[in-house]
> 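Next up is a structure, given as structure tokens.
The analysis underlying the following values was restricted to heavy atoms, covering all of them including side chains, and did not include hydrogens, waters or symmetry mates. Protein chains get the first letters and strands the later ones, always in sequence-line order, with residue 1 at the start of each.
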Amino acid sequence: MPELPEVETVRAGLDALLPGRSVASVTYNNEKSFPNAPSDVNVFLIGASVTAVKRRAKVLLIELSSDYSLVIHLKMTGQLVFIARDTRFGAGHPNDSLVGQLPDKSTRVELSFKDGSKLFFNDQRKFGWVRLVPTAEVPNIDFMRKVGPEPLDPAFTAEVLASRLQRRKNTSIKAALLDQTVVAGIGNIYADESLWGAKIHPATLVRDVSNQKLRTLFTEVQYVLRLAIEKGGSSDRNYVNAEGKKGSYMSFARVFRREGLPCPRCDAIIIKIRVAGRGTHICPREQKLPKIH
DNA sequence: CACTTGACCTGTCCGC
DNA sequence: TGCGGACAGGTCAAGT
């Protein structure tokens, strides 16, 4: 599922719902989804309360009063859905429709709070995980040490993007954009969307992309990510936010999953190809491979 | 070191 | 309706 805009949408939702709630119990049915020592869970999770919900790259960080954090990666199909204790809040409560729907067969972790509300970690494909880590140690996790800058951070500029992409100068621009050590948070949807915006063929080698195109790409990356956050992310298949609702960016997508439909700029028919081992959507008229001599 | 490919899982869709 | 294969929004570990 989730790239930066989806994870950010979940983060914002959880940050409005969780702080102040204290954990009563946790159950899980899959060791890989919750690879934590029971002794740590008993001491640092049970009884702790949520202080804040943060995000770095595609990783969610639920900070606890015990100075531990739940570090969560949703990978392809992970969901985090919060449900209040029952429907007695009355019609219109955001989670009314979900009461009784969870847990289901893809529920991997169920976190119960003392007030009766629950947080469900659902993950059809079991790639995702929830790890309990000392908050001070979070920056030392392998992934955190290696991950690149946040693309919407004010310190992230066109020059920073260009210079970091050059670390992968002999690979395709799409593979470089997807590389989390180059820049954080971009996945298959927003790579395709921003390369279309910059009119760059995704298979172009980084070294063959002009400085001018790289500047345009920087602008497009930020535009696409900001728009997607505003729209609550993309729900192509599994993604839902903290209230179990889908995001609407897919109806604004220009190329992703639009093969066979006209390019919004030039009406040429969008095609789907394979680049960097991933399904890739392009306008064949506007995104051409440069001729190399 | 840089780069590519397969593996991790379950579910769905598409062609025969 | 069934069956096999390809594919799905992400990362790792291996291989070259």
> From CD of Glu259(A) over to P of dA6(C), roughly how many Å is that when rounded to an integer?
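Spelled out: CD on Glu259(A) to P on dA6(C) is 18 Å.
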> Identify, with sequence neighbours excluded, every residue that meets salt bridge (charged side-chain N to carboxylate O under 4.0 Å, His left out) alongside Arg125(A).
none
> What dot-bracket string describes DNA chain B from 5' to 3', counting Watson-Crick and G-U wobble pairs whose defining distances are under 3.5 Å, with [ ] for crossing pairs and | for pairs to another strand?
.|||||||.|||||||
> Please classify the nucleic acid contact of Gly277(A) as base, sugar-phosphate, or nothing, using heavy-atom distances under 4.0 Å.
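No contact.
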> Kindly say if Arg274(A) contacts the phosphate of dA8(C), meaning a side-chain N or O under 4.0 Å from OP1 or OP2.
yes
> Check side chain to side chain contact (heavy atoms under 4.5 Å, CB included) between Ala268(A) and all other residues, then give those that pass, not counting sequence neighbours.
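Ala268(A): side chain to side chain contact (heavy atoms under 4.5 Å, CB included) contacts with Cys266(A), Cys283(A), Arg285(A).
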> Can you list every pair that meets ring-ring contact (aromatic ring centres under 6.0 Å, His included) and has a residue in residues 162-206 of chain A, with sequence neighbours left out?
Tyr190(A)-Tyr249(A)
> Does dT11(C) have OP1 or OP2 sitting under 4.0 Å from an N or O in the side chain of Gln180(A)?
yes
> Please name all residues satisfying side chain to side chain donor-acceptor pair (under 3.5 Å) with Arg164(A), sequence neighbours left out, ordered by chain then number.
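Side chain to side chain donor-acceptor pair (under 3.5 Å) list for Arg164(A), sorted by chain: empty.
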> Is Arg108(A) touching bases, backbone alone, or none of the nucleic acid, heavy atoms closer than 4.0 Å?
nothing
> Check DNA chain B against residues 126-150 of chain A and give the residues with a non-hydrogen atom under 4.0 Å, in numerical order.
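Nucleic-acid contacts, sorted: Lys126(A), Phe127(A).
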> Round to a whole Å and report the spacing from NZ of Lys32(A) to P of dT11(C).
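Going from NZ in Lys32(A) over to P in dT11(C) covers 17 Å.
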> Can you tell me if Thr280(A) and Lys174(A) form a side-chain donor-acceptor pair at under 3.5 Å?
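Judged by distance alone, the side chains do pair up.
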> Taking side chain to side chain contact (heavy atoms under 4.5 Å, CB included) as the definition, give me every residue that meets it alongside Ser235(A), ordered by chain and number, with sequence neighbours left out.
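Side chain to side chain contact (heavy atoms under 4.5 Å, CB included) check on Ser235(A) returns Tyr239(A), Lys246(A).
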> Measure from NZ on Lys75(A) to C1' on dA13(C) and round the result to the nearest Å.
12 Å
> Starting at CG of Asp123(A) and ending at C1' of dA8(C), how long is that distance when rounded to a whole Å?
13 Å
> For the pair made of CG in Asp179(A) and C1' in dT11(C), what is the distance, rounded to whole Å?
11 Å
> Could you tell me how far dG5(C) sits from dG6(B) if I compare only their P atoms? Round to whole Å.
16 Å
> Within less than 4.0 Å of OP1 or OP2 of dG10(C), is there a side-chain N or O belonging to His73(A)?
no
> Treating Ile, Leu, Val, Met, Phe, Trp and Tyr as nodes and any side-chain heavy-atom pair under 4.5 angstrom as an edge, say whether Val50(A) and Ile46(A) lie in one connected cluster.
yes
> Between dT12(B) and dT11(C), how far apart are the two P atoms, rounded to whole Å?
24 Å
> Mind calculating the distance between CZ (Arg278(A)) and P (dA8(C)) to the nearest angstrom?
8 Å
> Can you sort out the partners of Glu110(A) under salt bridge (charged side-chain N to carboxylate O under 4.0 Å, His left out), two or more places apart, ordered by chain and number?
Lys118(A)
> Atom CG of Leu177(A) to atom P of dG10(C): distance rounded to whole Å?
12 Å
> Once side chain to side chain contact (heavy atoms under 4.5 Å, CB included) is applied, do any residues pair with Leu261(A), and if so which ones, sequence neighbours excluded?
Arg258(A)
> Using the side chain to side chain contact (heavy atoms under 4.5 Å, CB included) criterion, which residues pair with Lys32(A)? Sequence neighbours excluded.
Asn30(A)
> Measuring centre to centre across the rings, with the benzene-like ring taken for any Trp, is Phe121(A) within less than 6.0 Å of Phe34(A)?
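No, the ring centres sit 6.0 Å or more apart.
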> Indicate, with a heavy-atom threshold strictly under 4.0 Å, whether Asn170(A) touches base, sugar-phosphate, or nothing.
sugar-phosphate
> Earliest and latest nucleotide of DNA chain B, 5' to 3', sitting under 4.0 Å from a non-hydrogen atom of chain A?
dC3(B) to dG11(B)
> For Arg11(A), what residues pass the salt bridge (charged side-chain N to carboxylate O under 4.0 Å, His left out) criterion, not counting sequence neighbours?
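Listed in chain order: Glu8(A), Asp15(A).
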